[in-house]
Colleague: 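Dropping a structure here in structure tokens format, bear with me for questions.
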Amino acid sequence: MQNNITQLLATMSIEQKVGQLFVMAFAGQDLDYANYLVCKRHIGGFYLTDDNAVSPQQAKELAISLQYQAGLRTCDAPLLLAVDQEGAWGILTKYLDLGPGNLALGHADDTQLTRDIYRMLAEQIGNLGYNCILGPCADVNANPDNPIIGQRSFGEFPDLVSRHVSAAVEGLHQGGLLACAKHFPGHGDTSEDSHQTLPVVDKPLQKLMEQDLLPFKAAVDSQVDLVMTGHIRFPHLDNKLPATLSSAVLTDLLKQQLGFGGIIITDSMNMWAMRRQYDPIEAAIMALQAGAHLIMLSEEHYENQHTDYKAIQQATLDGVIAAVQRGRLSEELLDARLSDVLTMRYQKLQKTPVKAVTNDSVALSLQAARQAISVLKGDERQPSFNQSTYFIALADPVHQQKLINSRGIGPNDPRAASTELLNALHDKQNMLEVVSFEKLQAFLTNPDTRFGDRPILAIWEDYPLPGENFDPEQKHRLEVLLKYYPDNLTLLCLGPDYPLRAFPNIKNCICTYSSRWVSAHALAEYLLTKNKLF
């Protein structure tokens, strides 16, 4: 294999070599431009979302078409077709089962269940013709104020996260897909979102080795195929450059100290953490010099709407080509990176998709969601209501439109958790009085005891959104409700348990650790059976 790749590299132009080190995105269903990127710009792969294919059939046709074009090139290695199918984020959520997401899996703490869920994800994505899942998320979510990781992480304890990262990688491999641990060396202990700014984690290496880096070492030991960089600055590792551009982080730490011999792919270089700090061409060159193999330019939703993303892509490719031609970026380095990339693609992307063995993916997802549900405050049998109950969703429904954004990343699910919970309680609708958001607003304007005559179910929901928060005003609404109704309110957390940190005096709280629809249904089942709520 290596001799063949060496001979192939000798026949390739600089333009062809540079293109093969880029993973691109394209807007909508612009197949002409996608084919241009493959045939004329020689790119090595695509980051694909719901923006590119809105049904399984479209996805299959897209994958076949793109791989056909790639097979016609002199370098006919299969394209890397990568998706963010990681549980909390996903594609084609109307057609595929994602389970409850990593945080719920971590809370259930059943590694076989995590392995099964990730095998299910791989089987479903592989059936579309895509071949790489950009997961699992190996971040230790140590900071509850983290605006972007949250449910994408398995939790806040390094050993637990490590166990489930290993299980997830194993599950993806059992399902026949490449796995990618992210965001190295850890995005979990930040209070800022790298889609918006450049976060800083001020931890010494020893502390990182004991915490943030443990899951990445577990991923490496589990033979993870790729590691994605995080656009985060770690001043104790490199006092100038973010991880994506730092040889101290990518080469010295990841390759040499942790022993990773696979492919390093950057997070999207269009995220503001990069674009507001560095010129796109300069950043791509620096990332390759630092140790990265693949430069990803996935057009984030806020990026594509305001700039000519095609021009940025072309300029970045041309700029890296010019850097090689001028001798700033050596062709020897280019060949070394590309040799690793082509070895992976020729060896691992030509396999026949694994035949699905997950007979009932919905049942598996529900099983995982059930195991994650926890009573955090109050007796497991309390409250036991036998009267009409107020159902109050704390979030402004206008924010539900954020769940599916224009670039196809994020939760990507129109089924809001609070709505799904209400729908799943349909057999008991006569016992529920749904308080509209307008009525809730009226109460907040003039608080009184109008809801004090019966039990209250207060629904808190949260979603991991790229570059924005869901509805931070839920905290204020819950604060007012708790002030007036501390005894008859039960908080149902459709997402993390973070509200308990702000409101430790809540008397009754049940948490799903997930905002997926499957967890809303599992919670409804719990309320109607085990908890005897009605």
Side-chain angles (χ1 to χ4, degrees), residues 85-90 93-110 113-114 116-118 120-121 124 135-137 141 149-155 164 168 358 360-377 380 391 393-395 399-400 402-404 410-426 428 457-465 470-471 474 490-500 508-531 533:
Q85 197 78 347
E86 55 176 63
W89 284 11
T93 57
K94 291 189 293 185
Y95 306 96
L96 308 180
D97 296 294
L98 277 72
N102 289 347
L103 189 61
L105 291 172
H107 192 75
D109 198 13
D110 180 340
L113 186 59
T114 296
D116 291 343
I117 287 286
Y118 269 81
M120 174 191 77
L121 298 179
Q124 293 182 345
C137 183
N141 199 46
I149 301 302
Q151 296 172 56
R152 301 170 67 196
S153 166
F154 288 107
H164 289 274
T358 307
D360 192 337
S361 56
V362 174
L364 178 61
S365 296
L366 271 170
Q367 177 190 347
R370 290 186 190 112
Q371 289 185 214
I373 292 174
S374 296
V375 177
L376 301 181
K377 284 290 188 76
E380 185 167 325
F391 184 99
L394 295 169
H399 294 300
Q400 293 179 1
K402 297 177 182 178
L403 303 187
I404 294 186
N412 287 354
D413 198 332
R415 298 167 291 189
S418 57
T419 303
E420 287 297 307
L421 175 61
L422 182 61
N423 291 340
L425 292 171
H426 59 86
K428 298 294 182 180
L457 293 182
I459 318 302
W460 177 294
E461 55 195 309
D462 197 11
Y463 304 86
L465 298 168
F470 176 59
D471 184 356
Q474 289 185 96
T490 295
L491 181 65
L492 303 180
C493 288
L494 287 163
D497 59 10
Y498 301 154
L500 281 187
N508 296 291
C509 179
I510 304 172
C511 187
T512 63
Y513 296 92
S514 168
S515 53
R516 280 290 174 199
W517 73 269
V518 68
S519 292
H521 282 249
L523 178 58
E525 176 188 278
Y526 178 89
L527 297 175
L528 293 170
T529 56
K530 185 178 296 184
N531 191 248
L533 194 61

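Because only heavy atoms are used, hydrogens play no part in the values below, and waters and symmetry mates are left out as well, while side chains stay in. Start at 1 with the first residue, then count along the sequence. Keep in mind that this is a model prediction, so the values were computed, not measured.
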Colleague: Could you check whether any side-chain heavy atom of Q85 comes within less than 4.5 Å of a side-chain heavy atom of L96, counting everything from C-beta outward?
Modeller: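 Yes - at least one pair of side-chain heavy atoms lies under 4.5 Å apart.
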Colleague: Under 4.5 Å between any side-chain heavy atoms of F470 and L403, yes or no?
Modeller: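 Side-chain contact under 4.5 Å: yes.
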Colleague: What's the spacing between L366 CG and S519 OG if we round to 0.5 Å?
Modeller: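 With rounding to 0.5 Å, CG (L366) is 8.5 Å from OG (S519).
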Colleague: Which atoms form the tightest heavy-atom contact between M120 and G99, and what is the distance?
Modeller: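 The answer is CE-N, 4.0 Å.
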Colleague: Could I get the full list of side-chain contact (heavy atoms from CB on, under 4.5 Å) partners for A88, not counting sequence neighbours?
Modeller: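 So A88 forms a side-chain contact (heavy atoms from CB on, under 4.5 Å) with Q151, R152, P464.
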Colleague: Are T93 and L98 close enough that some pair of their side-chain heavy atoms sits under 4.5 Å apart?
Modeller: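 In short, these two side chains touch, coming nearer than 4.5 Å.
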Colleague: Side chains of L492 and L527: does their closest heavy-atom pair fall under 4.5 Å?
Modeller: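 They are in side-chain contact.
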Colleague: What pairs with D497 under salt bridge (charged side-chain N to carboxylate O under 4.0 Å, His left out), at least two apart in sequence or on another chain?
Modeller: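 Once residues adjacent in sequence are excluded, D497 has no partner under the salt bridge (charged side-chain N to carboxylate O under 4.0 Å, His left out) criterion.
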Colleague: Using every non-hydrogen atom in the two residues, find where A104 and A372 come nearest and quote the distance to one decimal.
Modeller: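 Reported closest heavy-atom pair: O-CB, 3.4 Å.
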Colleague: Looking only at side chains, do D97 and S361 share a donor and an acceptor under 3.5 Å apart?
Modeller: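 S361 and D97 do have a side-chain donor-acceptor pair below 3.5 Å.
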Colleague: Any side-chain heavy atom of S418 sitting closer than 4.5 Å to one from Q400?
Modeller: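 Touching, per the 4.5 Å side-chain cut-off.
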Colleague: For a quick test of reading the model, state the closest non-hydrogen atom pair linking Y463 to A417 and the distance between them.
Modeller: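 Closest heavy-atom pair between Y463 and A417: OH-N, 2.8 Å.
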Colleague: On a heavy-atom basis, which atom in A368 and which in I117 lie closest, and how many Å separate them?
Modeller: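 Minimum heavy-atom separation between A368 and I117: CB-CD1, 4.2 Å.
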Colleague: Report the distance from atom CG of L105 to atom OG1 of T114, rounding to the nearest 0.5 Å.
Modeller: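 Separation between the atoms: 4.0 Å.
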Colleague: Quick one: CG on L422 to CD1 on I459, what's the gap to the nearest 0.5 Å?
Modeller: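 Between atom CG of L422 and atom CD1 of I459 there are 8.5 Å.
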Colleague: Could you list the residues that satisfy side-chain contact (heavy atoms from CB on, under 4.5 Å) with K402, not counting sequence neighbours?
Modeller: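 Partners of K402 under the side-chain contact (heavy atoms from CB on, under 4.5 Å) test: H399, L465, E468.
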Colleague: To check you understand the geometry: which heavy-atom pair defines the closest contact between L421 and A520, and what is its length?
Modeller: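 So the minimum-distance heavy-atom pair works out to CD1-O, 3.5 Å.
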Colleague: When rounded to the nearest 0.5 angstrom, what is the spacing between CH2 in W517 and CG in D413?
Modeller: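 So the gap between those two atoms works out to 9.0 Å.
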Colleague: So how far is it from S365 OG to L113 CG, rounded to the nearest 0.5 Å?
Modeller: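 Those atoms lie 9.0 Å apart.
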Colleague: So, do P136 and F154 sit near enough that their side-chain heavy atoms are less than 4.5 Å apart?
Modeller: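 Yes; the side chains approach each other to less than 4.5 Å.
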Colleague: Give the intermediate values and the outcome of side chain to side chain contact (heavy atoms under 4.5 Å, CB included) for residues W460 and L500.
Modeller: CA-CA 11 Å; W460 177 294; L500 281 187; over 6 Å; no
Colleague: Of all heavy-atom pairs between P496 and P499, which one has the smallest distance, and what is that distance?
Modeller: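 Between these two residues, the closest heavy atoms are O-CD, 3.7 Å.
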Colleague: Given the rule in the side chain to side chain contact (heavy atoms under 4.5 Å, CB included) test, do L394 and L491 qualify, once you have shown the distances and angles that lead to the verdict?
Modeller: CA-CA 10 Å; L394 295 169; L491 181 65; 4.2 Å; yes
Colleague: Got T512 and P100 here, is their nearest side-chain heavy-atom distance under 4.5 Å?
Modeller: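 Of all side-chain heavy-atom pairs linking P100 with T512, none is under 4.5 Å.
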Colleague: Can you tell me how far OG of S153 sits from CD of E86, rounded to the nearest 0.5 angstrom?
Modeller: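 Reported value, rounded in 0.5 Å steps: 10.5 Å.
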Colleague: Do R516 and E420 make a side-chain contact, defined as non-hydrogen atoms from C-beta onward lying under 4.5 Å apart?
Modeller: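 R516 vs E420: side chains apart.
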